[in-house]
Participant: 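Here's a structure for you.
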Amino acid sequence: MYNAFALCLLSFMIFSCYTFGMASFRIPRILVSSPGSSAGKTMVTCALLGLLPNAAGIKCGPDFIDPLFHAQVLKKKTGNVDLFFTDADRVRSIFVHDTKNADFVVCEGSMGFYDGAGGGQAASAYECACALDCPVIFVVDVKGKSLSVCAEIKGYVAFRERNGDHSGICGVILNRCSKALYESLAPVIEKECGIRPLGFLEEHEDFALESRYLGLVTPDSVCDLQKKMDALFRATEKSIAIEEIKEIARSAAPLEADDSLFGEGQADSDDGKAVRPRIAVAKDEAFCFYYRENLDLLEAFGAELVFFSPLRDRLIPAGCQGLYIGGGYPELFPMQLAENTTMLESLRTFCRRGALVLAECGGFLYLQLAGVLKGTFENKKKLIRFGYVNLTAQTDTFLCKAGEEIRGHEFHYFDTTENGNAFAARKVNGKEWLCMQSVAAVANMHPARCQKAKEENASIVAGFPHLYFPSNPAFAAHFVDAAREYGKEKRGCGGGCTACASCNSCASCAEKGVC
C-alpha cells in the first residue's frame with residue numbers, strides 16, 4: 001500500500017516538474033538551408049546575422065566551425081541543436097536556452113535540406129525545422145543555371161509537406177547570381193514555384209571563404225576576416241530583402257519548451273558554502289571545438305570553468321581539479337605545441353597527480369604527444385570513422401557506469417595505435433568498434449608509483465568521439481562531482497604545480513606553483 005502510494009506520488013512529482021517547466025516562447029526565427037553543401041548557406045547565415053538586430057545563430061547539426069564564425073567573428077550568441085543527439089523536446093529546450101533574449105534567430109542547416117543520419121531523413125535540416133516550427137529560407141546556387149533552377153526549387157518545395165506550407169520553405173535566395181539574372185528569374189520563380197524570391201548574392205572575392213576539412217577554415221586562420229564580413233554585409237544589404245525576412249521570422253508560431261535543462265546544479269556544500277570545482281578548459285586556435293551546451297551544463301552542475309591556451313600559456317591554471325581538452329586543429333601547430341615544454345610538463349604533472357581529464361579528438365592526440373597516454377598517431381589522408389555514434393560504456397569511468405550511453409560525433413583524418421576500449425561505438429548503419437581510453441597517466445611516472453597507479457581508479461577518459469552532454473546530462477554531472485571529490489581528497493591541490501609528480505596533500509601548492 002505504502003509502495004503504491006509512493007510510486008504514485010513520485011510519478012506525480014515527475015509529471016509536475018516536467019509540466020510546470022514547460023513554457024511558451026515567442027522567438028522570431030528562420031532556418032537557412034539549401035540543396036546541398038557549399039551552396040552558400042554559411043555566407044547567407046553570416047550575412048543575416050550581421051544585419052538582423054540582436055540576432056543569435058544556431059547550427060542544426062554537429063558542426064563546430066559555423067558556430068565559431070557566429071561567436072568569434074559576428075559576436076553573436078550561438079549553439080548546436082541536433083535531432084540525432086537528442087529528441088525534439090530537448091532540442092526545443094536547448095534552442096530556448098541558446099537563444100535567450102535574442103530578437104531574431106538564424107538557424108543554419110547541415111548538408112542538403114532532407115539529408116539526415118544514415119542516408120535518410122532523420123535529424124535532417126527539414127526535421128529540425130519541423131521540430132522548431134521554423135520557417136525555411138532556401139539558398140540555391142544558380143551559377144551555370146537559369147530556368148532549370150525553377151525545377152530544382154519546385155522539387156524541394158513539393159518533396160515533403162509541412163502543415164500545407166511547402167515543406168516549410170517560405171522564400172528563396174539565389175547565390176552566385178548576378179543582378180540581371182535575378183531580375184529575370186525572380187518573377188518566374190514566384191509564378192512557377194509559388195515561393196517568394198528574397199534576393200541574391202553575387203560571387204565576389206572580397207568575401208570568399210576557402211574550405212578545409214569540416215567545410216570552412218576556422219575564423220582565426222582567415223586573413224582580413226572582418227574586412228571580408230563587412231564587404232559581405234554591404235553587398236547583402238543592397239541585394240537581399242531584409243525587411244521581408246524579418247516578417248517571415250516574426251510569423252513563426254510560439255514555441256513550447258521546457259527551459260529547466262540548464263537550471264542550477266546540485267552542488268555539495270562544505271561548511272555551508274557551495275563547493276565549486278575548477279575545471280580547466282583548453283581553448284585557442286589549436287583547441288576550439290566545443291559544444292557550447294557541454295560547457296553550459298558543466299557550469300549548471302556547479303563547475304567553475306577556467307580557460308587557458310596550450311599554445312601560449314606556461315602552466316595548467318592553478319587550483320583546478322579537472323581538465324577538458326577538446327578537438328580542433330592541433331596538427332597545424334605541431335612545433336608551437338611541442339616547444340611549449342613548460343606547458344607539457346605541467347600537463348604531465350597534472351595528469352600524474354590523478355586529477356580528472358576528459359580529452360576529445362585533437363585533445364586526445366595532444367595527450368599522446370605529451371606522453372601522458374600510450375600510442376602513436378599518423379595522418380591517414382582520409383576520413384576515419386566519420387559520423388554520428390552512440391557510445392556505450394564497457395567499464396566504469398568517472399563519467400559513467402558500465403552500460404550507460406551517450407551520443408557523439410567523429411570527424412578526423414588521424415588515427416592512433418591505441419584507440420582504447422572503454423566504450424563501444426555504434427553507427428546508424430550498425431557498424432561497431434571499441435574506442436576511448438580510460439586510464440591513469442603513464443607519462444614519466446616515477447618507478448615507485450607505477451604499480452600504485454595501476455591500482456588507482458583511472459582519472460583520464462580520452463578518445464576521438466566528441467561527446468554531446470545534453471544527450472545524457474548525467475555525464476556532465478558525474479564529471480563535476482568527480483572533480484569536486486578529488487578536490488576534497490587532495491585538499492584543493494590542483495594544476496599549476498610542476499615541481500613533483502606525487503603531491504597529494506599540499507593545500508597551498510596551487511597558489512605557490514610548487515610543492
Side-chain angles (χ1 to χ4, degrees), residues 61-62 64 80 82-87 90 116-120 122-123 289-291 293-294 297-298 322 324-327 351 356-368 372-378 380 382-442 454 456-479 481-482:
F64 293 100
N80 290 74
D82 192 299
L83 283 164
F84 174 83
F85 290 154
T86 68
D87 62 20
R90 187 154 290 179
F289 291 172
Y290 295 94
Y291 292 118
E293 297 78 21
N294 284 9
L297 270 181
L298 291 174
Y324 187 8
I325 314 178
C351 294
L356 287 304
V357 180
L358 172 62
E360 298 171 333
C361 203
F364 170 42
L365 299 183
Y366 182 53
L367 292 186
Q368 291 188 333
V372 170
L373 299 179
K374 292 180 179 179
T376 58
F377 55 86
E378 64 174 319
K380 296 293 187 179
K382 63 179 181 179
L383 280 173
I384 306 296
R385 296 182 294 277
F386 161 66
Y388 290 118
V389 289
N390 192 73
L391 298 159
T392 304
Q394 304 299 292
T395 185
D396 292 353
T397 73
F398 68 80
L399 292 174
C400 64
K401 297 291 186 182
E404 294 183 4
E405 297 184 348
I406 193 168
R407 295 197 166 191
H409 188 267
E410 288 198 27
F411 197 119
H412 52 97
Y413 287 76
F414 284 74
D415 205 357
T416 176
T417 57
E418 298 285 343
N419 276 291
N421 57 11
F423 286 82
R426 185 178 69 257
K427 293 189 71 171
V428 176
N429 63 10
K431 183 179 179 181
E432 296 186 10
W433 64 91
L434 294 176
C435 62
M436 302 194 75
Q437 296 189 32
S438 176
V439 296
V442 298
K454 293 177 183 178
E456 292 173 344
N457 290 330
S459 59
I460 301 171
V461 175
F464 280 114
H466 289 274
L467 309 182
Y468 190 72
F469 285 161
S471 66
N472 188 344
F475 276 61
H478 293 158
F479 189 2
D481 288 343

Participant: OG1 of Thr376 to CG of Asp415: how many Å apart, nearest 0.5 Å?
Facilitator: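 Spacing of OG1 (Thr376) from CG (Asp415) equals 10.0 Å.
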Participant: Indicate, with yes or no, if the rings of His409 and Phe386 have centres closer together than 6.0 Å.
Facilitator: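 Yes, ring centres under 6.0 Å apart.
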Participant: Kindly say whether Leu467 contributes a backbone atom to a donor-acceptor pair with the side chain of Glu360 at under 3.5 angstrom?
Facilitator: yes
Participant: Within the distance-only criterion (no hydrogens, no angle test), does the side chain of Gln437 pair as donor or acceptor with the backbone N or O of Ile460 below 3.5 angstrom?
Facilitator: no
Participant: So which heavy atom on Ala476 is nearest to which on Leu297, and how close?
Facilitator: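 Minimum heavy-atom separation between Ala476 and Leu297: CB-CB, 4.0 Å.
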Participant: In Å, rounded to the nearest 0.5 Å, how long is the span from CD of Glu293 to CZ of Arg90?
Facilitator: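 Here the rounded value is 12.0 Å.
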Participant: Quick check against the 3.5 Å criterion: does Thr416 have a side-chain atom that pairs as donor or acceptor with the backbone of Gly375?
Facilitator: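 Judged by distance alone, no pair lies under 3.5 Å.
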Participant: Considering all heavy atoms of both residues, which atom of Cys400 and which atom of His478 are nearest to each other, and what is their separation?
Facilitator: CA-ND1, 3.9 Å
Participant: As an exercise, state the distance from CD1 of Ile384 to CG of Asn419, rounded to the nearest 0.5 Å.
Facilitator: 9.5 Å
Participant: For the atom pair CD (Glu405) and CG (Asn390), what is the distance rounded to the nearest 0.5 Å?
Facilitator: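 The distance works out to 4.5 Å.
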Participant: Which heavy atom in Leu358 sits nearest to a heavy atom in Phe398, and how many Å separate them?
Facilitator: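 So the two residues come closest at N-CZ, 4.3 Å.
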Participant: For Val428 and Ala117, work out which heavy atoms get closest and say how close.
Facilitator: CG2-CB, 4.0 Å
Participant: Does Pro465 reach the side chain of Leu391, with side-chain heavy atoms less than 4.5 Å apart?
Facilitator: yes
Participant: Please walk me through it: do Phe64 and Tyr290 pass ring-ring contact (aromatic ring centres under 6.0 Å, His included)?
Facilitator: CA-CA 7 Å; Phe64 293 100; Tyr290 295 94; 8.0 Å; no
Participant: Output, in order, the C-alpha distance, side-chain angles, deciding distance and verdict of side-chain contact (heavy atoms from CB on, under 4.5 Å) for Phe464 and Leu365.
Facilitator: CA-CA 9 Å; Phe464 280 114; Leu365 299 183; 3.8 Å; yes
Participant: Would you say NZ of Lys427 has more than 12 non-hydrogen atoms from neighbouring residues, nucleotides or ligands within 6.0 angstrom?
Facilitator: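 Yes, because the 6.0 Å sphere around NZ of Lys427 holds more than 12 heavy atoms from other groups.
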Participant: Do you know which two heavy atoms are closest between Cys435 and Ala425, and how far apart they sit?
Facilitator: SG-CB, 3.9 Å
Participant: Just checking, any donor-acceptor pair under 3.5 angstrom between side chains of Asn421 and Gln394?
Facilitator: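 Side-chain D/A pair, Asn421 to Gln394: absent.
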Participant: Restricting to non-hydrogen atoms, name the atom on Pro470 and the atom on Pro473 that form the minimum distance, rounded to 0.1 Å.
Facilitator: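 The answer is O-CD, 3.6 Å.
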Participant: Which one of Phe469, Phe85, Tyr324 satisfies the ring-ring contact (aromatic ring centres under 6.0 Å, His included) criterion with Tyr291?
Facilitator: Phe85
Participant: Scan side-chain atoms only and decide if Tyr468 and Asn80 contain a donor-acceptor pair under the 3.5 Å cut-off.
Facilitator: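 No, because no side-chain N or O of Tyr468 sits under 3.5 Å from a partner of the opposite role on Asn80.
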Participant: Atom OG of Ser438 and atom CZ of Phe423: how far apart are they, to the nearest 0.5 Å?
Facilitator: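 Here the interatomic distance stands at 7.5 Å.
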Participant: So how far is it from Leu399 CG to Met436 CE, rounded to the nearest 0.5 Å?
Facilitator: 7.0 Å
Participant: Checking side chain to side chain contact (heavy atoms under 4.5 Å, CB included) between Val461 and each of Leu356, Val357, Thr397, which is the one that passes?
Facilitator: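 Considering Leu356, Val357, Thr397, a side chain to side chain contact (heavy atoms under 4.5 Å, CB included) with Val461 is found only for Thr397.
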Participant: Between the side chain of Arg385 and the main-chain N/O of Glu410, is any donor-acceptor distance below 3.5 Å?
Facilitator: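 Not at all, since once roles are kept as given, no pair shorter than 3.5 Å links the two residues.
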